[in-house]
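For reference, the structure discussed in these notes is given below.
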Amino acid sequence: MDYKNSLNLPRTDFSMKADLVAREPERLRRWEAAGLYQQIQAQRAGAKKFVLHDGPPFANGDVHIGTALNKILKDILVKYKSLRGYQAPYIPGWDCHGLPIEFKVTQEMRKSGQAAADAAAIRKACEAYAQKYIGIQREQFRRLGVLGEWDHPYLTLDKAYEAEELRLFADLVEQGFVYRGKKPVYWSIPCRTALAEAEVEYQDHVSPSVYVKFRLVGHPGTSVVIWTTTPWTLPANLAVAYNSTFSYSLVRVGEEELIVSALLLPAIAEKCGWSGYEIVRSLDGGHLSGLEYEHPFCQRTGRFFAGDSFVDNTTGTGFVHIAPGHGLDDYLLGMKEGLPIYSPVDDDGRFIHTSDLPVAQQMPAAMVGASILEKHGKSEANEAVLHELRVRKALVHQENYHHSYPHCWRSKTPIIFRAMDQWFIRVDHVVDGVSFRERALQEIERVEWVPDWGRSRIEAAVKARPDWCISRQRSWGVPIPAFYDAHGQAILDARVVRNAADLFEKHGSNIWFEQPAAELWAALKPPGWTGPEPASKSTDTLDVWIDSGSSSRAVIARREALRGTSRPHQCDMYLEGSDQHRGWFQSSLLLSLAGHGSAPFRTVLTHGFMVDADREKISKSKQGQGGYEKPQTAEAYVKKWGADIVRLWVSSQDFRNDIIVSEERIAKVAETYRSLRNALRYQLSNLYDFDPARDAVPAEQLTALDRWILDEFSRLEQEVMAAYDRYEFHVVYQKLSQFVAVELSAIYHDVVKDRLYTDAASSLRRRSTQTALHWLVGGLCRMLAPILAFTADEAWEWVPGRSAGSVHLLSWEPLDLRLTEADRAVWNALFKLREAALPVLEEARQAKQIGKALDAQLVFTGPASALAPAAARVEDLRELLNVSQLEVRPGEGAEVSVTVHKAAGEKCERCWHWETSVGASAEHPTLCRRCVEVVRTPA
RNA sequence: GGGCGUGUAGCUCAGUUGGUUAGAGCACGCGCUUGAUAAGCGCGGGGUCACUGGUUCAAGUCCAGUCACGCCCA
């Protein structure tokens, strides 16, 4: 007779094969058709809020795997908070303005023959470009299983966004934060335009390398020697930098005494042909402060300052000539020491006299008009300077110098660094007697930074940062609504800015570029204006960090779902990469503090960066030859593995450090996924005939083994929740996968098969275990839902008696079915005996004495003290070991020992146990007593 | 060059206030099972805790330095 049909073998349509790549999109479509995100929000209406405000990615290109990591982390947290009963809205955003888009668009326009497009036309094309990539990225983010208001994201190009941004800006203008000053920018002479970093190409170039004497004031016959490869910047020289940690040598060369770095002296002497020099004495760098020198050809003197961060000892002389209008180090030093940002060069790249210094102190009149632009490797300006140096015997040595130098991508000519008028936010602006920088540092103290070193990092950044240069000479951005009067003086007024905000909110900011200055002024002029009348309008746009940094006003305070109660602009959390300590976290903090009086976030969570299998940053050069197989886009990984594998991979690593992305790593995570999925499948497949309303066993009637697993599970839940609460998703991953591998798969699931398959379907013991499985599968679905957004939802559909259509609509309350300490102690003792017995069973298997454990009989002997718990729980221990027979003999021997025998009796055809009762029934001669009873009982 | 971090088995992670032969899961090797079966179970090998020096009766754990890697700045 075939007794197999009398078993309760597992069955389920929850497939073993996940086929995520094909099946996830179907589920996604159902979620969207049902409005799952809206359902979740509606269900949590009125609940305590948890607001995570999305940092906007740049609307350009495909979603990079690093960007996907960020979005997935946010989604895991939002889903978890929602599961725990919070109302956790998520409104994604995009950063739309900025140079990379403008650059691409102008390139494309040029290729298609639209050479001389005006700003308004470029901006329209930029908006179309941004919208296109928002569409692309939105689908890629959605595909990852990220739930949110994808149909109503926030865009920094929205009219309302721009208007709020300008209103915040107006508040800053009103408080006196904003001023006009000078800062060096890249300048292309033929194009007559400022360039951004991205528009600069480095090419090999030959520059004149010159060593120049600067005579010391009060020390006749003594000079320091500086080195430069841009002689044309010497007319703008206002200081000399040294390194206070270096040692310098005072050397006699002929009649003169010269000072250079001690370390570089031999090299300099060789270059300059100082055959018979003699070291007079050495000088500590620290002793150079306070010295003064005469400019080699201008009627002025300059001072020496320490520049340890940029004066190096590998090239040059250990002295760097400082022209604050022509270099970034120079500029920063100049700002620090209060020097004018002097840049005697006009838009055409010709020397001029400026109003920064008295004309008498500036370059000789003969130099004025000389062009810096190089022709055939020479420039008028360099030649004029070299001539002047030779005439005055200040030129020690000159040679050609080959190096990589920035060039304009368009004209291919060497660029120059040139100070220009820009708008700034004054970081040390004093309001009510306290400097803004100080207030910012105080506010940083009030914010929770996770990990905590984020605090020191942003503190250092805020302490050291210079004033914020907020203007850009670009078209694709929010226009700065400033005007200039007939004398070129800037007009920036808070009332005008607010009027502009209103105008832009109605018509869009393109109107600024479409209408002439006079018309704009007519629309924006405040009533009762007594200031100067404008002659022209500003064509500058705001730094894009002002755009995204204004989102506390433009998004958090304005979106009903996000708005805070006591502080409308403040939310619970910002979650971005650690580079944002200097980026978005800082711009958002400064703007919100200046405009609203406090930070826009209560907690800032940061993650590390993607690195490759060698723990090095992902670089394009490694792609292809021997490196990565494919571009590191989210789509590439999702198409190969499915979103849930990518999500599980994100959760598997401690994101506070670097995150390793490699095929090998993801393949391992996929293995873990399979074991999680199989555990769920096992549980579901054994619940096919279980209706919790009808069959559930009350907790107090559950069998001891079931109580044990539920105790373990309760503990796991506490640990997993604690890990989620600490944002340690990798701990969730570890705890869950280990629990599934050990407590479930290796122990509970394995042990309980006998009961589930062979006991009568509706027996108390089987129903007890099904009750436990039902709790377990429901709990696992909840625990996994934030991470395995698709799979947990899929499994949930098969849970009998489920209370909600989607796992994401559930709330997660921890199960609290704990054992008493005494009961746990007993189980610990049983497991100790199990551990002692397993190797003995293995030996018997190796010796071919038994095959599976059910073939065996185990005998435990040992002192009564050690075996007492087991003696009272022989049947539990037998189940744990999956053997047919087990005996405990307390009082035999001084140590616990385990022996294996071939089990007695015959193997029951139905349950495969070895039992002496097999054969006792004439009706079922191949069955044991238990199975005979089961088979006789009608179903 | 400066600031902030990281460095424990092949991989991902645990290692409480310094205290017995450094743990887990996965992967790997060898078996068992074939009633979770493109599954499941058992056993086993594998680490000079980046390196060097120091404090201590005792250091993966504290201190100093070095190296490598990441982010930011220069």
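Heavy atoms only: backbone and side chains are in, while hydrogens, waters and symmetry mates are out.
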- Message: On RNA chain B, does the nearest nucleotide to A:Glu835 precede the nearest nucleotide to A:Ile850 from the 5' side, or the other way round? Give the residue.
- Response: A:Ile850

- Message: Roughly how many Å apart are B:A22 and B:C13, using the P atom of each and rounding to a whole number?
- Response: 23 Å

- Task: Could you check how far CG of A:Leu838 sits from P of B:C30, rounded to whole Å?
- Result: 21 Å

- Task: Describe the nucleic acid contact of A:Gln653 in one word from base, sugar-phosphate, nothing, applying a heavy-atom distance below 4.0 Å.
- Result: sugar-phosphate

- Sugar-phosphate, base or nothing in reach of A:Ser662, heavy atoms under 4.0 Å: nothing

- Query: Nearest-Å distance, NZ (A:Lys852) to P (B:A39)?
  - Reply: 19 Å

- Message: Let's go through A:Tyr757 and A:Trp912 carefully: what are the C-alpha distance in whole Å and the side-chain angles of both, what is the deciding distance for ring-ring contact (aromatic ring centres under 6.0 Å, His included) to 0.1 Å, and is it a yes or a no?
- Response: CA-CA 11 Å; A:Tyr757 300 172; A:Trp912 297 347; 9.4 Å; no

- Can we call the ring centroids of A:Tyr248 and A:Phe319 under 6.0 Å apart? yes

- Task: Summarise protein proximity over nucleotides 64-74 of chain B in one line of letters, 5' to 3': B for base, S for sugar-phosphate only, - for none, counting protein heavy atoms closer than 4.0 Å.
- Result: -----SSBSSS

- Task: Would you classify A:Lys668 as touching base, sugar-phosphate or nothing, given that sugar-phosphate means primed atoms plus P, OP1 and OP2, and contacts are heavy atoms under 4.0 Å?
- Result: base

- Quick one: A:Arg647 CZ to B:U12 P, roughly how many Å, whole number? 22 Å

- Task: Establish whether the base of B:G25 is bridged to the side chain of A:Gln738 by a donor-acceptor pair shorter than 3.5 Å.
- Result: no

- Query: Which one, B:A36, B:G42, B:G10, comes nearest to the side chain of A:Glu664?
  - Reply: B:G10

For residues 746-753 of chain A, which side-chain N or O atoms pair as donor and acceptor with protein atoms under 3.5 Å away, sequence neighbours left out?
from, atom 1, to, atom 2, distance (Å)
A:Tyr748, OH, A:Asp706, OD1, 2.5
A:His749, NE2, A:Gln683, NE2, 3.2
A:Asp750, OD1, A:Lys753, NZ, 3.3

- Looking for any heavy atom pair under 4.0 Å, which part of the strands does A:His730 touch: base, sugar-phosphate only, or nothing? sugar-phosphate

